[in-house]
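Notes follow the structure.
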Amino acid sequence: MDIDSLRHSCSHVMAQAVKELWPEVKLAIGPSIEDGFYYDFDRQEAFSDDDLRAIEKRMQEIIAKDEPFLQEEIDKQKALDLFGKLKEDYKVELIQALAGKISIYKTGSAFLDLCRGPHLKSTGQIKAFKLLSVAGAYWHGIETNPMLQRIYGTCFNSKKELDEYLKNLEEAKLRDHRKLGPALEFFDIYHEQAGAGLVFYHPKGALLRTIIEDYERKEHLKRGYQIVITPHIMQAELWKTSGHYDYYKENMYTFNIDEREFVLKPMNCPGHILIYKSKTRSYKDLPIRFFELGTVYRHEKAGVLHGLLRVRGFTQDDAHIFCTDYQLGQEIHNVIEFVIDTMKDFGFNRESLAVELSTRPQKFIGSEQDWQEATLQLEKALKEKGLAYEICEGEGAFYGPKIDIKLKDALKRKWQCATIQCDFALPKRFNLAYIDAEGKERQPIMLHRVLLGSLERFIGALIEHYKAELPLWLSPCQVLLIPLKETVVPYAEKIKKTLEENNLRSDIDRRNETLDKKIRSAELNKIPYCLILGEREETQSTVSVRKKGSGNQGTVTLDKFITELTKQVQEHR
RNA sequence: GCUGGAGUAGCUCAGUUGGCAGAGCACGUCCUUGGUAAGGACGGGGUCACGAGUUCAAUUCUCGUCUCCAGCUCCA
C-alpha cells in the first residue's frame, strides 16, 4: 500500500476525530511528511497530552467503522458555499486560490474536507498509527500570520513497522550530541553563567577540534589556498560598505569604543576583501584563495539555538576565492571535489549528503546574464561529479546562486554544512579589481565557500554520526593504558612515551580500581584500544591488547601494536 | 522571536496534598593489588534555575525573568 496516501488518509481521520470532539475547531492543512503526517488546527485552547489520547481513541473508532473515502469534483462557487457554511475560513481561503473544479472528499459520517487525494478506499485500511506531538506552526509558514496548532503523527502498514520506528526514535535519542558531548567531556554550554549558544571545548573536544583544524590547514595549503587571519572586531564603517550593517544588523553584536562603533564579526568576507584590496592585483595572480578558520558571532534568535548545531559563536572553515569569469567553472569544480573528498575522509559518503542548488530569487543584484552563467557553472560542476541534487527555485542569496550540502543528525533533521556561493555584490560594493592582459581594470568574481561549515556544527554532526565512537584518527584518546598494579606504572609511562614518539595519543588509568572497572569505563568512554599491563607483559616487553567492542585481542610486542595502529590511522583517512 | 512542555546533587531520577531534602552512578579517604564490562567500608556534596508576591512557614501556590526540550519562522 502506498505509504503517502496511507499517511495522508490518516491525517484526515485525525482531522475528523478532532472535528467530532471539538466542532468549533477550524481546519487548515494536513499533508503526509517524511516519517508520518501532520494536520494544522485553529483552536483557542492548546491540545494537551490527554487531548491527543482522546483523539487517538476517536480515530480508532472511526477506523473500526471502516468508513469509505468518497471523492467528488464540484464547482468552485459550490465549494466556497459549502465550506463557508461550515465556517472553515482556512479552507475557503485555499479554495479562493484554486481554479477550475474543486476536489473534495467525505467519509461515511459526513466529515467534509478539501483535498486532492489520493486516499485509501476506507478508514479501515489504517492499521497502525500514533500521535506524537503538538507544536505551533504559522499559517502558510509566514511569521506574521496567526499561529496554528500542528499535531504530528505517524502511520505504518503494520504494527511491527510502527514499533520499529518508535524504537528507532528512542535509539536516536542516545546518539544526541547534546547528551554525549558533555557526558564524554567534549564540550559544554554554560547557559546561565556564560550565555546561551556559546561553546566551551573541554580538553577532549579541544583536542578533536585541533585534529580537525590541522587536517584542514594541511589540505588547504595542498590545494593552493593561502591561510590568512583577520581580527574579531572591525569598525562599523566596513560593515556599512559591505551592506551587512543594513541587511544583517539584527544579527550583529555592536558596541562603542572611544565613540567609534565596532562590530563583532558575523562573517569573514570583509576582512578577506581588505587583504585582497591591499595592493593592485594582476590577472596573473588569480585565482586568489584566502582561507581562514574564522570565528564569528551572530545573534541568533533564542528559540533556534540547538546544542552545537546552532550556536551564537562559531568558527567557520571559511575561504573566499577571487577569480575571473573564465576561471569560475574550474574553481567551483575544485571546491566541490574538495568538499566530497573532505566529507569522505570524515566518514560521510555521498548517500549521507543532501545537495541543493539554489537559484535566483525575486530580489537580486547583478545582471541576468551573470546569474545564468554562474548557475550554469554550479550545475555543471554537480553533474560532473555525478552528485544527485535538488533545485531550490528562488532560494539563492540576493547576491548570487549557491550550492548547499547538508548532513543529517540522529533524528534525520538536515543541517547545512558545506556551501558554495557566487557573489556579484561584494566585488562591486568594495570596487574590487584586477588588471587584465590588456592593462584594463576588471572586476573579479568572488566565491564564498565553507567545507565543514562551522566546526561546532560539524563536530555535533560527527558525534551523532558515530554515536561518539570516533574513528581512530579522530579519537582524542586512542589508547588507554591500564597498569594492573602500581609496580607496573613505570612500564606504562614508558609505553606512553613510545606511543607519543609514534604520534599515537594515550592516557594511563592510574585509579585504584579493579581491571574490570577500568575496562568498563574505557568502553563507556568509547576509547578504541586498551593495553592491559601486568608483570607478565613487563618481563616479556609486550602489551595485552583489547579492542573496543570486540574484547581481548591477545598479546603482542609494542612494536607490532604501533605498526598496526599507525597503519589503521593512515587507512581511515 | 512565536506556540506548547519542562528546570530537585556533576549525571539519571525519586519526593514533599505548604512544615529539617532522598537514592543509584560519579567524586574523596581507607581497605583491597587485581588478568579483560561495575570488589568493599566510610565520607563530602543542594539558595530544589533566578527574582518578586501570598503565608506563621514556599522547593511545593501565584506572577515575572532566565534557560532547556519539540515544532514554526530564520540560518553555518
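Per chain, numbering begins at 1; letters A, B, ... match sequence-line order. Hydrogens, waters and symmetry mates are skipped; everything else that's a heavy atom, side chains included, is used.
Put simply, A/R511 has a side-chain N or O that comes within less than 4.0 Å of OP1 or OP2 on B/rC27. For B/rA70, the OP1/OP2 oxygens have a side-chain nitrogen or oxygen of A/H306 closer than 4.0 Å. Contact annotation: A/K179 side-chain N/O to B/rU12 OP1/OP2 distance is under 4.0 Å. The shortest distance between the side-chain N/O atoms of A/T514 and the OP1/OP2 oxygens of B/rG39 is below 4.0 Å. Distances shorter than 4.0 Å separate some side-chain N or O of A/Y152 from OP1 or OP2 on B/rC72.
Pairing analysis of RNA chain B (Watson-Crick: purine N1 to pyrimidine N3 plus N6-O4 or O6-N4; G-U wobble: N1-O2 and O6-N3; both under 3.5 Å) yields stems of 3 or more pairs at B:1-7 with B:66-72, B:10-13 with B:22-25, B:27-31 with B:39-43, B:49-53 with B:61-65.
Side-chain proximity of A/K517 to B/rG71, B/rA26, B/rC69: nearest is B/rA26. Relative to the side chain of A/S454, the nucleotides B/rA76, B/rC72, B/rG35 differ in distance, and B/rA76 lies closest. Candidate nucleotides B/rC68, B/rA37, B/rA70 were compared by shortest atom distance to the side chain of A/R520, and B/rA37 ranks first. Of the listed nucleotides (B/rU67, B/rA76, B/rG39), B/rG39 has the atom at the smallest distance from the side chain of A/E513. Ranking B/rC68, B/rG35, B/rC75 by closeness to the A/S544 side chain, first place goes to B/rG35. Comparing B/rG71, B/rU36, B/rC75 by their closest approach to the side chain of A/D516 singles out B/rU36.
Across all strands shown, A/R413 has heavy atoms under 4.0 Å from sugar-phosphate atoms exclusively, and none from any base. Counting any heavy atom pair closer than 4.0 Å across all strands shown, A/G141 reaches sugar-phosphate atoms only and no base atom.
Atom name C1', nucleotides B/rA9 and B/rA52: the rounded distance is 26 Å, in whole Å. Comparing the C1' positions of B/rU16 and B/rU60 gives a spacing of 7 Å, expressed to the nearest Å. Spacing of C1' atoms, B/rA49 relative to B/rA58, comes out at 15 Å, to the nearest Å. A distance of about 49 Å separates the P atoms of B/rA6 and B/rC31, rounded to the whole Å.
Applying the side-chain hydrogen bond (donor to acceptor under 3.5 Å, both in side chains) test to residues at least two apart or on different chains, the pairs with a partner in residues 454-466 of chain A are A/H177-A/E464, A/Y201-A/E456, A/R209-A/E456.
With hydrogens and angles ignored, no donor-acceptor pair closer than 3.5 Å exists between the side chain of A/Q416 and the base of B/rA76. A donor N or O paired with an acceptor N or O is not found under 3.5 Å between the base of B/rU33 and the side-chain atoms of A/N512.
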Indicate every side-chain donor-acceptor pair of residues 142-153 of chain A with a distance under 3.5 Å to a residue at least two apart or in another chain.
| unit_1 | atom_1 | unit_2 | atom_2 | d |
| --- | --- | --- | --- | --- |
| A/E143 | OE2 | A/K301 | NZ | 3.0 |
| A/N145 | ND2 | A/W139 | O | 2.7 |
| A/Q149 | OE1 | A/F47 | N | 2.8 |
| A/Q149 | NE2 | A/R43 | O | 3.2 |
| A/Q149 | NE2 | A/E45 | O | 2.8 |
| A/R150 | NE | A/D40 | OD1 | 2.7 |
| A/R150 | NH1 | A/Y152 | OH | 3.3 |
| A/R150 | NH2 | A/D40 | OD2 | 3.0 |

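Of the candidates A/T230, A/N268, A/T295, A/N268 is the only one forming a side chain to side chain donor-acceptor pair (under 3.5 Å) with A/D318.
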Polar atoms only, N or O, under 3.5 Å: list the protein pairs with nucleotides 1-4 of chain B and their distances.
| unit_1 | atom_1 | unit_2 | atom_2 | d |
| --- | --- | --- | --- | --- |
| B/rG1 | N7 | A/G303 | N | 3.2 |
| B/rG1 | N2 | A/Y138 | OH | 2.4 |
| B/rU3 | O2 | A/G136 | N | 3.3 |

Shorter than 3.5 Å, N or O on both sides, protein versus nucleotides 46-52 of chain B: list them out with atom names.
none

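Partners of A/F364 according to the ring pair (Phe, Tyr, Trp, His ring centres under 6.0 Å) rule, which considers only residues two or more places apart in sequence or in another chain, are A/W371.
With A/Y253 as the aromatic partner, A/R298 does not meet the cation-pi criteria of under 6.0 angstrom to the ring centre and within 45 degrees of the ring axis.
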